[in-house]
Structures are given as structure tokens and as C-alpha cells.
Protein chains: 2
Amino acid sequence: MNRTGLTGGDPALLRRLNVEAVLRVMRSAEPMTLTQIGRAASLSRQTVDVVIAELDEAGWIEEVAPERSIGRPARRYRFRAEAGHVLGIDVGVAGIRMTLTDLDGAVVASRSAEMAPGISGPDRLTRIHACAAGFLAEHPHARLRALCLGVPAIVDTYGRIRLSTPLPEWSGTDLASIAGTWFDCPAYVENDANLAALAEHWRGAARYADDFIQLIAGKRSGAGMMLGGRLHRGRGGAAGEIGALALLGWEGDAMNDVRASPDPAQIFADAAAGDPSATARVDRFARVLAQGIAAMVLTVNPDLVVIGGGLSQAGEALAGPVRGHLDKLCLDPPQVAASTVGVEAVALGAVRLALEHTNAELFGAHTEGGRKVAGTGAPVTGRSAGQGLFESVRGASD
Amino acid sequence: MNRTGLTGGDPALLRRLNVEAVLRVMRSAEPMTLTQIGRAASLSRQTVDVVIAELDEAGWIEEVAPERSIGRPARRYRFRAEAGHVLGIDVGVAGIRMTLTDLDGAVVASRSAEMAPGISGPDRLTRIHACAAGFLAEHPHARLRALCLGVPAIVDTYGRIRLSTPLPEWSGTDLASIAGTWFDCPAYVENDANLAALAEHWRGAARYADDFIQLIAGKRSGAGMMLGGRLHRGRGGAAGEIGALALLGWEGDAMNDVRASPDPAQIFADAAAGDPSATARVDRFARVLAQGIAAMVLTVNPDLVVIGGGLSQAGEALAGPVRGHLDKLCLDPPQVAASTVGVEAVALGAVRLALEHTNAELFGAHTEGGRKVAGTGAPVTGRSAGQGLFESVRGASD
DNA sequence: ACCGTTACGTAATGACTTGCCGTAAGATGG
DNA sequence: CCATCTTACGGCAAGTCATTACGTAACGGT
């Protein structure tokens, strides 16, 4: 758990590191033999043997049928991704989307639910809780280990809502603590644009970029940001709020002309078909959007800008013009791509965030500044890290 | 060396960690006894004993006179900061500043040298080399372990000059490789604004901020940035170049009115004395400056903005108006402070960067994405990390 | 049925940490 | 000056974790 370098370590630390290494190797691939694991983790087969025995005992892995090959068939083990599940919830104004996955991030089920926009803050909360509970009840075998909510709001380090324009009644709510009581697992809360960035980095257009800006282009425009492979939130979670600089025009006519229109998709379609009026409207929109993006790009000089949000369904019809303007405004223009994860972005990002925290807790990996840990939440200290790893998993899905 | 978690570790890793822990503890304080070190590093006295013996043998530490106290006097050891030195060079258009420090960052000597602005690129290079060599020759006891150059340019990850407006002839130069041949040590190259940020974080106004923007306000305006306690450079080292966005006015009249004036200090002085004309000029300057800063602040939401560069000598006379405008432009206004390290900022930051790399190499600490390692530069691999630590230090200053 | 290949299992070795206990070195007080 | 007290040093034994080495087991191929 120390890893910080300030204090030294004993053999127990070594063991934890090796357990972690073995798990990492196993999670990233097909079932493996002891020898293969040892090679991949640069450990002796002997050590791997002991570690594997412990992990098997605890239920994190299980033996599978050996492969047919020359020589004595090697035992093979696989990571039991079904030993835990996480739930990601995309909280929107008009409804929610939920995605349940196993520890590998494989989607078990998804569900969305409408929600009356006029519903009160507390009612919305209980409604979400009820939806989630109902959804989980259909998957009784799932052992929920974490939960993450994506919200259109500025969220602080502890998962509290600092400010939300779309959901004003939630401002000031300690959402992470509340959601932490829903199920027997920690709950995390994060800004939706940041989660979209996470999703895009995980399985989308930003898979190979460690520094990128995730733009949310929709009725509301915002941005998430990943720098050095990690989400950058800023002091109060307000990073990416470039729209607040009136000078750049994100709240001006050129923007609203398109995004507040009854059917923005039609405008993009018309522009693609060659309608000069629609083309001009799109271009004006793209130019102003690009100004805001340029301010961010010149500030952090990312590899890539991913355009997401409702309007990203226009794909290249939007990304193209934006790229054109951006190239003129920047010293070192980044790549520009349209989102590839689409409407699932936020829910998927929520899953990803929940998985990262789960992994960190279970395997004692990188200690990171993270979101509020509510629910079970006993912080992992000293040797209890090892214990945490070997808590009863058995019975979860046996 | 691995620390990444992908591969496991053996007892040798443990030892490296413990050596590192002991060194960390010793470097941060007065001479200590074995027992004190053990407590601080949470290691047994036994272990500390062995580690200390090795470090003493290698010359990194030495015994000092025991303190008079009850009981058998404990041996005390201190870190030999004089076992290595680093040189930081601030390369400006009109001259250079050099600072030589020991491994603790204690300044041994400083020196500045004029340089004709019209000098050619290669001549400038040889001139700098000669200055540095002469400077070092006056300190023959110093065992130089690293060298860092701060330049007014966009520098890539390998220490090559991508683009420099003030020193156009250097654009495209692989400066790190060249400087790496000067002395028997690695050389690093970094943008001057970034180094100023490093200095400010180390010993200046940003000591307690891990997310801040370092503004350079002078004839040229630029910015360095520290996010999450680490320099943020961006893909091509072009982070912070917000001045390129013409819309924000950093190259406009309001800016040039002050910074291109023959005596900017006088304007600030007049404004402070109540001269309405000067006050207006300062305010216009501050407003435009604040617009650019606001774009960066809204993008990354830092804790603090430090105003450095030549104009920062105005102190609150500049920081005050900037703060006033910034508060109006930002959702979550950061603190605003004037630089406290002053003209030494870049040279000191260069020292700091050199020290960080030196520490990382010698003690096998954090593996970081760093600048080009020229010179000796054998990458530390496998067990050679330990060997690196125990290379001959003896004789350096005995 | 034999042989070669590959993996498994046990034993031996080395390294590091911890805990214990006797000894050494200086200060304090008579 | 000497006895005593306090604290640190030094050696010894035990436990944990890792690696290497070697004999054994299991399967496919001939």
C-alpha cells in the first residue's frame, strides 16, 4: 500500500506486488498456464504456483480444461470476471441509462428509463434508486462491487454536486454518500463529460491518446479532459468549462442557431446534401465551437479532440468543419475525431471509473486521488490489503 | 525499475526500495541516528544498519560526531550533498545565467554573462559551452551529475528545439544531444516558462499548489503549467501558448502599450502613485492579460496563477488588477500571486529539473517520462539500478 | 509399448526482515 | 574515582519469500 517510496517494505510487500502482477497478466488475456504467466510477469513458475493457489482458493480465478499439446498438459487458469460486477448510471435530465458489467467490463445488461423532466430533486433520487434496484434484482447472481453515477454537473473530489444547471435542485447534494447507502458497495460520482472521456479512452476514438479533450456538443456544451492518461478535473472539478468565457461565443447566436433548433440532425443532413444555407449555418457553428476548442487546445496541447454529445451523431459533417477551423487557429493542431461510443458513452465511462476503483481496492494497485468512497469503504491499510484481496468471493456466483 | 506493476519483484527490488526509503529520509533532514532513520522509514534498525553500511561504503553518506546524550551515543550519519552537483542555465536572448548547486539544491555559485543578441546560432552555442566550462573550472571539487538548459522555445520530449521565435537559428536543433557532449553528464533541455513553474513550485509562490499556471509576463508572454504536481507540456511541448489565439488580444495594442514601452516599471510606479493615465494603461493591460489567463483557467481550473517574467517585478501593482479582472471572468477564480523567485526563476528551475532526473537515476525512483538523456546515459535496467547506486563516489570531493 | 516433450512437485539455497539477548559506551550521582 | 543507569550496538535464531535444481508424472507420437 505504500508504494510512495517514503517508507520501506518487507517481504509481504513483495508478495502483494507479485499477486498484483499475476492478476494483471491474467486479466489481460485468455486462460494461461503457469509457465506462461511466469514468463509474462517475470516470476519463477514456483512463485506463480503459490500465488495461483491463493487466488484460486479465494475464488478470483479458476482452472479450465487444459489445451491439447505435446508433453504433459499444463493446468490453465482464467480470471473469474464474474466474481464481481459494477453498475454505471448515466443520469440525464429526461431519463437514465444503466449498464451492468462484470469485472472485465463485459456488458451483462443495459437498461434505460424515462424520467419526467419536472420531477423534484429528492423524487428523482428515489426514482433512480428504485430503477437501479429493480435492474439489479433481475441479475441476482451479480455481486455488485461498485456503482458510479455520471451527472451533468460540476462534481467535487468527494462526489458532491457543487453546481448543476440542468439539475439545479441537486446543487450542494452529497450524492456519493447518498448512493453509497443504496447497495452494499461504494458509490462514485463524476461529471458526465469526464466519464465520456474515460469511455472514449477505454473503447472509443481515444484508445491510443493519453492527452485528449472530450467535447460534449449538445444543448449544453462542455468538455472533459484526459491528461497523461488520467482524468484532469481541476481544483473544483470545473476544468473544461470554457463556455463561461463569453468572448469565445459559446453562448452566442451562432451556436444556438444550430443546437437549439428543433432538428439539428436535419441541418447537418441538408449541409451534407449541399444546401448552401445549411452549410453556412453549420460552418458558423463549427467556427465558434472551434474557437472555444482552440482556447483549450492552445492551453494543454493535446493529441486529439473527440467530439461527442448529441450533435456528434452528425459525425464527419460536424468534425470536418471543426477540424478545418481548428487547423487555422492552433499552432500545433491536434487530430479531430467524432465519438465512436455514442449514446452509451457516459454509462460506459461510469462503468470504467467504477472498475478502476474496484481494481485499485481489490488488488491494492496505484493509490490515486479518487472520488468519495461511501458504503463499505474501510480504507485499505497495512497488511489488510492482502486480507481485502482474500475476502470471501466464493458463493458470489457458485 | 519496474514499479509499474506489470512485472513482479524479487528480494533485490525490496532492497532497492529500502535503500531508496533510507535515502529519502536522510535527505530531508539533519544528521540522524540509525534508530531515528528506522522509525522514519518504518524499517528495523537491523535493516537500516545494513543499508547504511552500503551507502557509507559507496560514499553517499558519512558519519558525523555523535550528539551528547544519555546512554551510549548513537552513530549519526548525514547525506553527503556534496557528492554531486548540477548546473542550471537560463538561456536568454541577451545573456545567460548559470547556477551551480549540490544535490540538496544548495546554491554553490551563480554567474551571469552578457551575450550579443546578434550572435549566430552556432556561436551562441559555443559561447555558452565556454562560459559553463569556465564557471565549472572554478569549482574543481564539484562532480557534475547533470545539466539543464532553459530556453525560450518550444521543446519536444527529447530536448530538441521545435520552434523558437527569440532564437530562430536554433529551431530544429537537437540541443540536448549537443549539450550532452559538453561534460561527462546527461543534459536536459526545457522551455523556460516550464522551468519557472518548477522553481516557483520548489521554492516560490506555488510551494503549496499542485495545479497552477505560471505566467511569464514580459516582452514575450507565455505560460508554463503544473498539473497534478507534474509539469504539463502537451504533445509537442506547446502547452500554454494561449497567446496564439488572436481573439484574446495578447498581441494587441493594449498589451504592447505597456510591455513594449521603454520603461514599464515607471508605468506601474505611476499607477501606484495615482496617475490616472498610467492607471488606465495598466488596467487595460491587465484586462487583456486576464482574458488569456481566463481561457487557461477555465480549461484546467488550477489552484493558483503565478505571475512571473520581467513585468512581475511590479508585484501587486500588476497582480492586483489581473486578479480583479480574472475574478469576473472565471467560474471558480484561482488565487493570483506574483513570483517570489524573481530573476533566478529559470536557472533555479533548471537546477530543479536536473536534480529530479539525477535523483531518479541514482536512486531508481519514480520512472517518469523525461527529457532526452544524453551523455553517459546508459538506461537503468534490471539489477543495474543497484549497481548504478554504488558506482564510485569516493574521490569526488575527498 | 516405448520415447520424447512438457509440466508438476519437492528439496535445497540464498536474501531479507524481525525479535531477542548480551555487551559496549557514555552520562549521572555519590 | 566508582557504581549505576540509560541507550545503542552486535550477534544469533527463526520465519517468510523468492530462486535454482532435480526427480517424477502425464500426454502425444512412433
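Within every chain, numbering begins at 1; the chains are lettered A, B, ... in the order of the sequence lines, protein sequences first and strands thereafter.
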Distance below 4.0 Å between A/Arg75 side-chain N/O and C/dG9 OP1 or OP2: yes
Mutual orientation of the aromatic rings belonging to B/His85 and B/His141 [parallel < 30°, tilted 30-60°, perpendicular > 60°]: perpendicular
Among [options], the nucleotide that comes nearest once only the side chain of [X] is considered:
X: B/Pro73; options: C/dT28, C/dA25, D/dC27; value: C/dA25
X: A/Leu34; options: D/dA26, C/dC8, D/dA18; value: C/dC8
X: A/Leu14; options: D/dC9, C/dC8, D/dA18; value: D/dA18
X: A/Pro11; options: D/dT16, D/dA18, D/dT7; value: D/dT16
X: B/Arg72; options: D/dC9, D/dA18, C/dC8; value: D/dC9
X: B/Ala74; options: C/dT6, D/dA8, C/dT17; value: D/dA8
X: A/Ser44; options: D/dT20, D/dC17, D/dC27; value: D/dT20

Listed partners of A/Arg75 passing salt bridge (charged side-chain N to carboxylate O under 4.0 Å, His left out), at least two apart: A/Asp49
Lys/Arg N to Asp/Glu carboxylate O, B/Arg16 vs B/Glu20, below 4.0 Å: no
Of B/Gln46 and A/Thr47, the one whose closest DNA chain D nucleotide lies more 5': B/Gln46
Side chain to side chain contact (heavy atoms under 4.5 Å, CB included) against A/Ser42, all qualifying residues, sequence neighbours excluded: B/Thr7
Polar side-chain contact B/Arg45-D/dG10 base: donor and acceptor under 3.5 Å: yes
Distance, rounded to the nearest Å, where B/Asp49 contributes CG and C/dT18 contributes P: 13 Å
